[in-house]
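What follows is a set of notes on a single structure, which appears directly below.
When a ligand or atom number is given, it counts from 1 through the structure's own listing order. Fair warning: this is a prediction, and the values are worked out from it, not measured in the lab.
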Amino acid sequence: MSKWCPLRNLRPCRAQRQTATIDRVIRAFFADALLDPATGETVKEAVVLVEDGRVKAAGRRASISVPADCERIDASGLTLLPGLIDCHVHLTSLGEGLDFALWLTTPPTFELLGAVRAARRTLDAGFTAVRDAAGSPAGVRMAIDAGYFPGPRMLVTITALSQTGGHTDVHFMCGADLDIPLPDRPHGTVDGVEPMGRRVRELIRAGADWIKLCTSGGVLSPGDQPHHAALTLDEIKAAVAEAGAQGRKVMAHAQANAGIKNALRGGVATIEHGIWLDGDAIEMMLDGGNALVPTLVAPQWVIRHSDAGKMPAFAADKARAVVADHSASIRQAIEAGVKIAFGTDTGVGPHGSNGEEFLLMQALGMAPIDCIRSATTVAAATIGMPGVGHLKEGSWADLIGVPGDPLADLNLIATPDNVHLVAKGGEIVKSRP
Ligand SMILES: [Zn+2]
């Protein structure tokens, strides 16, 4: 694609962005095909016309008039589709295992700057938007938006809230507490209705777009169990009410059956992991229109890290114990028609590996188009980013190009190597010759 693709496109810079506000930047991406996840239709000989970062028109070349003086991007050999969306990542987690000694010797700034590398790898894998499910303060989102470093569009939860001894309580049995106070990252442990409401307010004050609760134990925490519920129904309702009063929704790390049901009764919007769904929980989700974010790949990475000697035994044992139930639970949800929003828990696994989740979803019975919808149209609606997940007039020109038909082979979006072109807001952030 080098013919029409000047090198300067590869390095979106401040100057370019400022120019865009003065002169209109019109760019046309010419590709072999264009897949619209909403309809499932692919048109051949396609063009996506972009003006000032947004889609002006997208479809068959013959049906779109391309201004003669616009910048032409040759994406021949590629199928274009909207940039992918991951509804559950942790950009400040390395994704290389769990090492408490390393944790103790890592300054907060080093942990934070890990998000710069993670953001780049996430983009390179074709993911142009993410919801960060704890770890990233709002400054990460702000720095990406300001163009300090390349990264996906972000929504942040900042801190995941759990009860004392719960999934995000990092007070260990020796007495050490690693919940170090940072001015832009409120504490994760909270008990009681009133403290919960206040903590949600603090998170919103710190810039949280979503609120995350842990309504069950988890795999990577030493002191709790995935099959135990956590937080009371009243605490969950208090968080949902406070979040809702300020226009935010709540996501729930919910693995235990009782924890899933408490979360749904309490009014959360999305169920993360969902290891032990049952018929009643599925019915509640169908009735409430809640989305399930499976993160099937997360326990796989815990096991892989463990095999490489990079995971404490307690976490590996818990991951091995849940993997089969997790798959069975998600399969049941898929069969019942629960809304599935793509999410990986990347940060448990390495950044850029997000796409593997597509293959696991497909193996549990999801059709390729539904896998792609889960990471485009469904994900955008689920996390509340209306300008992404589709390429229609007015949406952000966040798009990727892959060498072939992803509906015929999901591997084309499962590994970064297969994602040859990534554009965010019409600017090329990855281009493979
Ligand atoms: Zn997570």
(request) Take atom CD of Gln246 as the centre, draw a 6.0 Å sphere, and report whether it contains more than 12 heavy atoms from other residues, nucleotides or ligands. (result) yes
(message) With heavy-atom distances below 4.5 Å as the criterion, would you say the side chains of Val348 and Ser93 are in contact?
(response) no
(request) Find out whether His351 and Thr344 are in side-chain contact, i.e. whether some heavy atom of one side chain is under 4.5 Å from a heavy atom of the other. (result) no
(request) Would you please classify the geometry between the His253 ring and the His167 ring as parallel, tilted or perpendicular, with 30° and 60° separating the classes? (result) parallel
(request) Taking both backbone and side-chain atoms into account, decide whether His253 has an N/O/S atom under 2.8 Å from the Zn ion (ligand 1). (result) no
(message) I'd like to know if the Zn ion (ligand 1) has an N/O/S atom from His90 within less than 2.8 Å of it, counting both backbone and side-chain atoms.
(response) yes
(request) For the Zn ion (ligand 1), find the closest N/O/S atom belonging to Asp345 and write down its atom name. (result) OD1
